[in-house]
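Please read all numbers here as calculations on a predicted model, not as lab measurements.
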Amino acid sequence: MGIDRKHVLIACAIAGAVLGMVLAVLQAVGPFATSDLHGMPTGASRSTGFMLAMAPLLAAWGFTIHLRCSDAQIARYLKANAALCIAWLLIVTLKYPTGNDHLVSIMWYLYYVPMLLTSTFSLFSAMRASALDRMPVTSYAKRAVLAIDAALIALVLTNNLHHAVFRFSFDDPLWSGSYTYGPGYWVVLGWIITQIVLFFACSFAAARRQLRSAFVPLALIVGVLGTYTVLYILRFLIGSNLALVYSILLISCLEIALDLGILPSYYWRESMFSALPFNLRILSRTGEVALHTALFQPSAHDDALHSMLLQSDLSRRSITSFRTTAVPHTLFRGYNVTGGSALLAEDVAAIDERRVTLERQQDSLRAHNDLLKHCHAIDGVLYRTQQERALIDEIEQTLAAKTRRIDELLSDLPRGNDPQSLAKRRERLTEVKLLIAYCKRKGGLVLAGKSDPAFNRERLQLVFNETAADLRTLGIDCAALVDVKRVLPASTVSVLYDCLYDFAAAAFAASNPILMLFVSDKAEAGEGEGSGDGVAVGQHRRVVEMRAALEAGGSSQSKGYTRSLEELRRVLERRNVRFALDIAPDGATLAVQVSEGEGVA
């Protein structure tokens with residue numbers, strides 16, 4: 001950085017000295033012969049001394065931009081403006097001594113090169129400061145602006161061919177003051193005004209709210225420039241030095257923008273770097289500290305840290321992070337920069353403290369989670385035990401009632417051998433057979449709960465098919481279909497057994513019965529915890545549904561028909577199931593839905 005500044009200083013000094021000598025020689029020669037326009041002398045002779053003083057000041061200002069502006073791109077734009085203003089002053093100084101009208105006109109047209117480009121570079125600086133250059137469309141906008149500048153510059157420089165910008169004739173000895181403006185001139189002037197307006201718009205967007213009052217002096221300067229331009233166009237100030245006035249007002253405007261912070265500016269980059277609120281150091285390729293902030297404090301561990309950074313091979317990756325026990329509660333980040341590396345030290349004591357707190361909380365939550373898992377396992381065992389106990393109690397009660405019914409049927413068997421007694425005895429023994437099969441199935445649930453509590457489709461289909469086959473041997477037309485795609489708990493199977501055998505008993509007691517059975521499972525949306533079903537809203541539960549239809553001939557049936565169906569209704573009412581049972585003399589229908597885990601009262 002120091003070598004670059006030295007070279008810039010030497011270049012600015014040489015340029016200023018050469019320009020100063022040129023201007024001094026021209027000053028020594030004396031005023032150049034000029035013609036009069038409306039009683040006012042034209043030319044640069046009256047302001048040569050001011051330009052002699054202004055050129056080195058512009059060069060010095062450009063050098064201060066190199067030192068003060070923290071944004072390299074904006075600094076280049078502003079230094080280009082300073083160079084363009086110096087070139088403009090040089091063109092004005094060399095314009096009239098040439099004595100060649102065509103060459104004078106070309107140098108006159110060259111005024112509009114710095115006039116256009118300085119407004120363009122000022123606009124680009126404001127766009128950069130307002131972060132508009134980060135947008136992809138900005139690059140295309142810049143190219144369009146430069147293309148318009150190039151087209152307008154070419155239009156002005158070729159004015160001698162078409163006179164679309166300035167209209168005059170070289171035959172007139174006073175052509176340099178008697179010209180008129182063509183359409184191209186107003187296009188150039190309009191474009192410069194447009195760029196100035198865009199400069200203010202972008203600068204206003206870039207400025208913080210407390211800096212927007214700084215636009216008052218900027219507006220005053222632009223107002224002065226606008227007034228001067230209008231008077232110059234109207235020929236009231238035609239004898240003044242446009243280059244000198246424009247340069248002074250332009251540099252004043254940019255300097256105010258720099259001083260007030262609208263454009264980024266610092267007096268010294270070292271001071272700017274030192275004032276950064278970070279513990280940051282810049283290292284050379286050999287690990288030596290080249291720059292550091294005010295928060296950086298040297299320590300005995302710096303050499304080890306620098307070695308760790310150099311060994312991290314930042315050339316392959318632009319950033320690295322590491323920690324060391326020698327410097328506790330500090331995170332070091334290394335960045336690959338041009339000519340070396342940057343090492344940033346971050347105090348992470350608060351983060352470490354929060355991490356320790358979170359680890360303690362995590363351990364506590366993990367222990368609590370283990371306790372909850374253990375409690376859940378115990379609750380599961382207790383729940384299953386309660387379900388088994390409830391199922392056993394329900395089966396015992398049901399078996400006791402069925403056993404009493406079997407005793408009643410056996411104790412009241414007809415003793416005779418006449419056809420009527422034989423038929424009645426056969427009917428009662430068939431009912432006993434059904435009751436014994438029912439007791440066998442229900443008793444098997446208790447044993448299955450100890451060995452194999454899950455009932456799959458094949459196992460349930462087998463039970464329904466065996467019962468249907470027994471009913472067909474008794475003259476009952478029966479068919480059963482099971483379409484269950486999952487295993488069922490014993491409590492659900494218990495409900496299905498009750499429905500099956502009670503309907504079979506009713507069919508046995510009916511005239512010319514036809515019995516159809518269908519079992520299936522499906523998913524239903526949960527109604528929420530408030531409904532008491534234990535399923536959250538949006539979740540699905542599996543439901544086993546049994547549909548049974550019994551058709552019987554005749555308008556009246558035996559007492560056994562009604563008793564079996566009413567017994568089924570009482571059983572279902574004691575259970576946590578949803579059902580619909582319709583009983584009629586010529587038949588009955590049943591629809592019952594059992595959710596997993598339900599069915600036991």
Side-chain angles (χ1 to χ4, degrees), residues 391 394 398 434 438 441-442 445 455-457 459-468 470-472 476-528 531-535 539-553 557 560-601:
L391 179 63
E394 184 269 332
T398 305
L434 289 176
Y438 173 80
R441 300 296 183 189
K442 296 285 281 190
L445 292 178
F455 289 78
N456 55 18
R457 176 185 179 279
R459 190 173 177 183
L460 191 62
Q461 180 73 62
L462 177 62
V463 173
F464 274 70
N465 288 341
E466 288 179 352
T467 305
D470 292 341
L471 292 177
R472 285 194 295 270
I476 299 174
D477 192 1
C478 179
L481 177 62
V482 177
D483 185 16
V484 178
K485 299 179 177 60
R486 64 187 183 91
V487 296
L488 302 178
S491 59
T492 301
V493 177
S494 177
V495 177
L496 299 179
Y497 282 173
D498 291 337
C499 298
L500 172 63
Y501 283 98
D502 285 343
F503 249 77
F508 179 75
S511 302
N512 301 320
I514 299 176
L515 179 60
M516 304 299 294
L517 302 169
F518 178 67
V519 181
S520 63
D521 63 339
K522 61 181 181 179
E524 287 189 349
E527 300 177 357
S531 65
D533 58 7
V535 181
Q539 294 182 349
H540 291 79
R541 61 179 181 178
R542 302 295 300 182
V543 176
V544 179
E545 182 179 39
M546 177 177 179
R547 293 184 177 272
L550 173 62
E551 294 182 3
Q557 304 296 341
Y561 171 78
T562 305
R563 184 180 65 249
S564 298
L565 294 177
E566 291 297 335
E567 177 65 22
L568 175 60
R569 184 189 300 275
R570 288 191 294 270
V571 171
L572 294 178
E573 288 176 348
R574 293 196 302 267
R575 300 178 182 274
N576 298 323
V577 298
R578 291 175 293 176
F579 73 96
L581 177 61
D582 296 327
I583 303 175
D586 59 345
T589 59
L590 171 67
V592 58
Q593 291 183 349
V594 187
S595 299
E596 184 176 353
E598 296 181 345
V600 178

Any chance you could lay out the salt bridge (Lys or Arg N to Asp or Glu O under 4.0 Å) test for E573 and R570, step after step, and finish with the verdict?
-> CA-CA 5 Å; E573 288 176 348; R570 288 191 294 270; over 6 Å; no
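- The backbone N or O of V482 lies less than 3.5 Å from a partner atom in the side chain of Q461, making a donor-acceptor pair.
- With C478 as the fixed residue, the side chain to side chain contact (heavy atoms under 4.5 Å, CB included) test singles out one of N465, L550, L515: L515.
- Looking only at side-chain heavy atoms (C-beta outward), L572 and V495 come within less than 4.5 Å of each other.
- Summarising the geometry, atom CZ belonging to F503 is positioned 5.5 Å from atom CG belonging to L565; distances are rounded to the nearest 0.5 Å.
- Atom NZ of K485 sits about 6.0 Å away from atom CG of D521, to the nearest 0.5 Å.
- L517 and F464 make their closest contact through CD1-CD2, 4.1 Å (heavy atoms, listed as atom of the first residue, atom of the second, distance).
- At a threshold of 4.0 Å, the pair E566-R569 counts as salt-bridged, since one of the basic side-chain nitrogens sits closer than that to a carboxylate oxygen.
- V519 is not listed as a side-chain neighbour of L481, based on a closest heavy-atom distance of 4.5 Å or more.
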Step-by-step salt bridge (Lys or Arg N to Asp or Glu O under 4.0 Å) determination, R547 to E545 | CA-CA 7 Å; R547 293 184 177 272; E545 182 179 39; 3.0 Å; yes
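- Between atom CD1 of residue I476 and atom CG of residue N512 there is a gap of 11.0 Å, rounded to the nearest 0.5 Å.
- A588 and I583 get closest at one heavy-atom pair: CB-CA, 4.2 Å.
- Considering every non-hydrogen atom in both L568 and C499, the closest pair reads CD1-CA, 3.8 Å.
- Annotation: the span from R472 atom CZ to D477 atom CG amounts to 8.0 Å, rounded to 0.5 Å.
- Between the CG atom in L581 and the OG1 atom in T589 there is a gap of 7.0 Å [rounded to 0.5 Å].
- Taking CD of Q593 as the start and CE of M546 as the end, the distance is 13.5 Å to the nearest 0.5 Å.
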